Amino acid sequence: MRYFAEAESLLAWYDTHARDLPWRISPAARAAGAHPDPYRIWLSEVMLQQTTVAAVKSYFLRFTTLWPTVADLAAAEDAQVMGEWAGLGYYARARNLLKCARVVVRDHGGRFPDTLDGLRALPGIGPYTAAAIAAIAHDQPHVVVDGNVERVMARLYDIHTPLPTAKRALTEAAARLTPRLRPGDYAQAVMDLGATICTPKSPACGLCPWRAPCAARAAGTAQHLPRKLPKTPKPVRHGHAYVARRADGAWLLERRPDSGLLGGMLGWPGSDWGESPLHTPPIAADWQQLEAEARHTFTHFHLRLTVHVAFVPDGVPPERGMFLSDAAFRPTELPTLMRKVFDLARAALNYTP
DNA sequence: TAACCGTGGGC
DNA sequence: TGCCCAAGGTT
């Protein structure tokens, strides 16, 4: 029963090395009969999609303070939730978070489903997140495969097939190892192992509870696994952004459409982004073009934004956007790109809050 | 299927 | 500095 022995050795390691995380029940507490709150597990898992633990912690604490239950979140204003998510990225997650909370309240009496299919049907919950919630919150033996698990399995079995082709084989390897006992702790244990020992670069094999059975360690290939297909280069796109300040201190902003990049977020009016996009100011004014441009890199392109600033008198209706009073405008509610634009603009406007 | 969708930290 | 990477989902 080799697989049983491997789950066993990993769980023993987890019992003494589990990370202390705000959304987590310690292995000791779980052994004593405590159960994690599915709402908190769901919220943390969505925040952790493609996002580091270090980045998520403060957002998680803020969200659970503002909205302690899924019903509280479901009743929140869209704009406030988007504003609180600002800076975390992948904003479709926040839009789906609200959709999901409202479905759980409306269709499930405020309780998260406890089946894989029930979870999988909710907005923003895919194969990984459904399995993670079922395993961690409901202690069901589902196979949880994220980037950590893929890396650990590729090394444990010395699998050289590049991702994403190797995904199926890695999932099958993970399935063979998943124990019927303590599946929730096991899922978190593999992720802790990947995050602290079996790291992408310079894995600490000497400290690993799986150093004996690890095929890549024996072969000396751990450092190079998992293999991945080469990435396509990012093109450079250009654009223009306009920051207008009214005499009474209000700022001209716009709510971006729900679909597409930075969907649903607050931003400065501007041009499309491309080779050399046409650009028209959102309001008539004596615009000043700044020398420095805002540079930002998204998942699939680099962006260089030319920033224009202007003071405008009271009483001029804008052609685009809406004026937000200085008291109502919180720069922390801007996505990072728009924050960069604001930081350049306010220096030019000599604005200190 | 593959493109799209953010951000900050590490090296 | 530029590239890699992180508890993926949707279309």
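Side chains included, hydrogens not; waters and symmetry mates left out as well; all remaining heavy atoms used. Since the model is a prediction, treat every value here as computed from it, not as a measurement.
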Picking from C:dG9, B:dC5, C:dA6, the nucleotide nearest the side-chain atoms of A:Gln50 would be C:dA6
Applying a 4.0 Å non-hydrogen cut-off, can you work out what A:Arg151 is touching in the nucleic acid: base, sugar-phosphate, or nothing? sugar-phosphate
Separation of A:Leu48 atom CG from B:dG6 atom P, in whole Å? 18 Å
I'd like to know whether CZ of A:Arg111 has more than 12 heavy-atom contacts from other residues, nucleotides or ligands below 6.0 angstrom. no
Base, sugar-phosphate or nothing for A:Trp85? Non-hydrogen atoms, less than 4.0 Å. nothing
Heavy-atom nearest nucleotide on DNA chain C for A:Ile125 versus A:Arg24: which residue maps closer to 5'? A:Arg24
Within a strict 4.5 Å, meaning less than it, do heavy atoms of the A:Tyr14 and A:Val190 side chains meet? no
Indicate whether OP1 or OP2 belonging to C:dC5 is found under 4.0 Å from a side-chain N or O atom of A:Lys231. yes
Answer yes if the ring centres of A:Phe298 and A:His296 are under 6.0 angstrom apart, and no otherwise. yes
Consider the side chain of A:Arg120, meaning its heavy atoms from C-beta on, and name the nucleotide among C:dA6, C:dT10, C:dG9 that approaches it most closely. C:dT10
With a 4.0 Å cut-off on heavy atoms, is A:Gly87 in touch with a base, just the backbone sugar-phosphate, or nothing at all? sugar-phosphate
Below 3.5 Å, does any donor atom in the side chain of A:Thr51 face an acceptor in the base of B:dG6, or the other way round? yes
Sugar-phosphate, base or nothing in reach of A:Thr297, heavy atoms under 4.0 Å: base
Any chance you could measure A:His138, atom NE2, to A:His35, atom NE2, to the nearest 0.5 Å? 11.0 Å
Side-chain N or O of A:Thr336 less than 4.0 angstrom from OP1 or OP2 on B:dT7? yes
is_close_aromatic(A:Phe323, A:Phe329), centroid dist under 6.0 Å: no
Closest approach to the side chain of A:Pro200, judged atom by atom: which nucleotide of C:dG9, C:dC5, B:dT7 is it? C:dC5
Over how many whole Å does the gap from A:Glu150 atom CD to C:dC4 atom P extend? 18 Å
Against the side chain of A:Gln49, the closest entry in C:dC5, C:dG8, C:dT10 is C:dG8
In terms of side-chain heavy atoms of A:Lys228, which of B:dG8, C:dT10, C:dC5 is nearest? C:dC5
Of the options C:dG8, B:dG6, C:dC3, whose atoms approach the side-chain atoms of A:Tyr128 most closely? C:dG8
Between B:dG6, C:dG9, B:dC4, which nucleotide gets closest to the side-chain atoms of A:Pro127? C:dG9
Between C:dG8, B:dT7, C:dC5, which one does the side chain of A:Pro335 approach most closely? B:dT7
Check every strand shown and say whether A:Leu21 touches a base, only sugar-phosphate, or nothing at a heavy-atom separation below 4.0 Å. base
Taking atom P of C:dG9 as reference, at what distance in whole Å does atom CG of A:Asp146 sit? 10 Å
Aromatic ring proximity A:Phe60/A:Phe63, centre distance under 6.0 Å: no
Of the candidates C:dA6, B:dT7, B:dC5, the side chain of A:Tyr90 sits closest to B:dC5
For the pair made of CG in A:Leu303 and C1' in B:dC4, what is the distance, rounded to whole Å? 16 Å
To the nearest Å, how far apart are A:Arg95 CZ and B:dG6 P? 7 Å
Which residue lies more 5' along DNA chain C, comparing A:Leu122 with A:Arg19 via nearest heavy atoms: A:Arg19
Measure the distance from CZ on A:Arg295 to C1' on B:dG8 and round it to the nearest whole Å. 18 Å
Could you pull out the closest heavy-atom pair between A:Leu252 and A:Pro282, with the gap in Å? CD2-CG, 3.8 Å
Starting at atom OH of A:Tyr59, determine the distance to atom P of B:dG6, rounded to an integer number of angstrom. 13 Å
In whole angstrom, give the distance that lies between atom NE2 of A:His302 and atom P of B:dT7. 15 Å
Would you say the base of B:dG6 and the side-chain of A:Thr299 have a donor-acceptor pair closer than 3.5 Å? yes
If you compare every side-chain N and O of A:His296 against the phosphate oxygens of B:dG6 (OP1, OP2), does one of them come in below 4.0 Å? no
